[in-house]
Amino acid sequence: MAVRTFLYGSLSILAILTLFPLLWVTSIAFMRSPEQSAGTPPLWPRHPTLHNIVNIIQREMLGHYFLNSLIVAVATTVLSTFVAGLAGYALAQVRFRGRRIISWIVLFAVLIPSQALVLPLFEMFREVHLINHYAALILPAAANPVSIVLIQAYMRGIPAEILDAARMDGAGEWQTFFYVVVPMMAPMLAALAVLTFVVSWNDFMWPMIAMQKASMQTLPVALASIDREHYQEIGLMAAGATVTILPMMAIFVASQRYYLRSVVAGSLAD
Amino acid sequence: MASLELSHVYKVIGGRQTVLHDINLIAHHGELISVVGPSGCGKSTLLRSIAGLEEITSGDIFIGGRRVNDLQPQQRRIAMVFQNHALYPHMTVYQNLAFGLRARRVARSVVETRVRRTAVRLGLEALLGRYPRELSGGQRQRTALGRAMLRDPEVFLLDEPLSSLDVPLRSEMRRELMALHKSLGMTMVYVTHDQSEALSLGERVVVLSAGKVQQVDTPQEIYGNPLNRFVAAFVGWPPMNFLSSEILGTSAMDLQNVEYGVRPERLMLQQHAADDLSVSGRIECIESLGGVWQIEIIHNGARLIARVPPDAALRQDEELRLWFGRADLYAFHKTTGARVKVQR
């Protein structure tokens, strides 16, 4: 009982610490200017208003940047999950020449910090004239070594006989991949997709460098430049932050339900 | 239905390790062949080579007279049941059964009738909507069998399909397999490490050791007429007793470099014929197995096991003489292990 109390107590404190800034920012987004600029803003708006939200969407074209971010994040997620699924499966279960070497190279790539890649990536994309294109943000993220390594490890745990059975059943490579392999690694793919989406959505450094035209900027980068122009309008900034974190919230709520269901399904089976 | 023929099949891994060594084997139309050997003897590799899941280094494999060396597994008209069933975990029994037909783009209505017919035949019709994790071991086994049957195979390969089941279920499934074989009339190759299973199922038995075929024959011949010491020791439980000619004493034939063998169930408490041979030793242990007793005697450091009818007169640590007929004595060359014919 004491353990339970301690557990729930500490989890509650953690939840409050995490949620408080988020809720405060959201609350500030609905405040009028005098309230916000009076030193420390209050916790709750006395006269709620949509003024800031409307302002940031209309005046600062936030919807445009939102769309940029959405295109990049969705494309990155789809492409990277697909590539990681194929590569992880092949490296774990398909026998081919050079498999070990490639596995090692991928594993080594995990160790390279993304900051170290900025300069060579920039040179490469300038060479092929893809700076200021969506491709500049999507292509480098398409082959994510962390995702590949995780899928590879997960696929090793799946008995090879199931894949042999699919071959005996006359399924081709793609049929085996889509109808047998993908469903078996679905939980892992879903988790990776959520993770990839969040990382892509929040990415700042590379998008700032690769997207030099203002109209191509993603939400975090655009938000940062709005911040520099209107550093006194806290309400405007809060509105921008609220709009930025909204999709994250939606995705987490949606995927959490998915995780919960898979956990329950597992326990019911036994 | 088709015959299966292996001719001089070799499988070498990494240019050094020979896993299969000159395998020659013919399974006739509708025959059930069991392949038995200790783990690591190459029996699973043999099966996977026939299936086309492993490439062979040299030699030829024929199914129904057609050379299949260069054919993909799905083109060989074979089906395989795996040791761990290898059912698709995310598919229902119905989907598991239908997958192969769907993969080959068979019309939906045909798939439906064929899956249902097979399900009825195997008693799975009530379970079609269940997932593999919701099935018992026997039901999973039947699903795996059904999936293999729906491939319309000419040759049916089974890789230790019963080893994951508990003992009572195993003998039940064994009977079902035999009935299935009889009704389908299909050529079957059954791989197992369990010699009693191999003898009871196979119309002919292949004994494999270290990648080499030791003997191919009917179960009776394998048991009664082993070609070498390995087959003699591997087949039969408890295993055959081996004795040097010195232990056999004066009654031994004057053969050099020979080791003798006699099966535990052939040792008797009384002499039956005038020319019966005998060994004697101290009773080390008496184990009652109900209708039969298992006795271990020690003679000059050598341990012999005998299966005899219960006898209340037997006492531990007492001397016991065990008799056996000359016909039950096997002789093997000490270095090569080959069977030596003895004039009896």
Inset, instruction - Under 4.5 Å, counting heavy-atom pairs only, tell me which of B/R147, B/R151, B/Q74 racks up the most with chain A. - result: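 With the most close heavy-atom pairs to chain A, the winner is B/R151.
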Inset, instruction - Return the option, out of B/P73, B/A148, B/A144, with the maximum number of heavy-atom pairs under 4.5 Å with chain A. - result: B/P73
Legend entry - Working for side-chain contact (heavy atoms from CB on, under 4.5 Å), residues B/V115 and B/Y94: CA-CA 7 Å; B/V115 167; B/Y94 183 93; 3.5 Å; yes
Inset, instruction - Assess the side chains of B/S164 and B/Q83: does a donor N or O sit below 3.5 Å from an acceptor N or O? - result: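 Judged by distance alone, the side chains do not pair up.
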Inset, instruction - Decide whether B/Y190 and B/E197 meet the rule of one side-chain donor and one side-chain acceptor closer than 3.5 Å. - result: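 Yes - a donor-acceptor pair under 3.5 Å links their side chains.
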Inset, instruction - Give, as side chain, backbone, both or neither, the part of A/A166 having an atom under 4.5 angstrom from any heavy atom of chain B. - result: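 Both parts, heavy atoms under 4.5 Å.
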For [X], is it the side chain, the backbone, both, or neither that has a heavy atom closer than 4.5 Å to a heavy atom of chain A?
X	result
B/L101	neither
B/Q72	side chain
B/R105	side chain
B/R48	side chain

Inset, instruction - Heavy-atom pairs under 4.5 Å with chain B are the metric here; pick the option from A/A165, A/G170, A/P159 that has the most. - result: A/A165
Legend entry - Among A/I158, A/D164, A/I162, residue most engaged with chain B (heavy-atom pairs, under 4.5 Å): A/D164
Inset, instruction - Specify the closest pair of heavy atoms between A/M249 and A/L22, including all atoms of both residues, with the distance to one decimal. - result: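 For A/M249 and A/L22, the tightest heavy-atom pair comes out as CE-CD1, 3.5 Å.
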Legend entry - N-O pairing of B/R104 and A/D169 below 4.0 Å: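 Result for this pair is no, no salt bridge flagged.
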Inset, instruction - State plainly whether the residues B/E154 and B/R76 are in salt-bridge range, i.e. N to O under 4.0 Å. - result: no
Legend entry - Validation row: B/V191, B/L46 side chains within 4.5 angstrom (heavy atoms): no
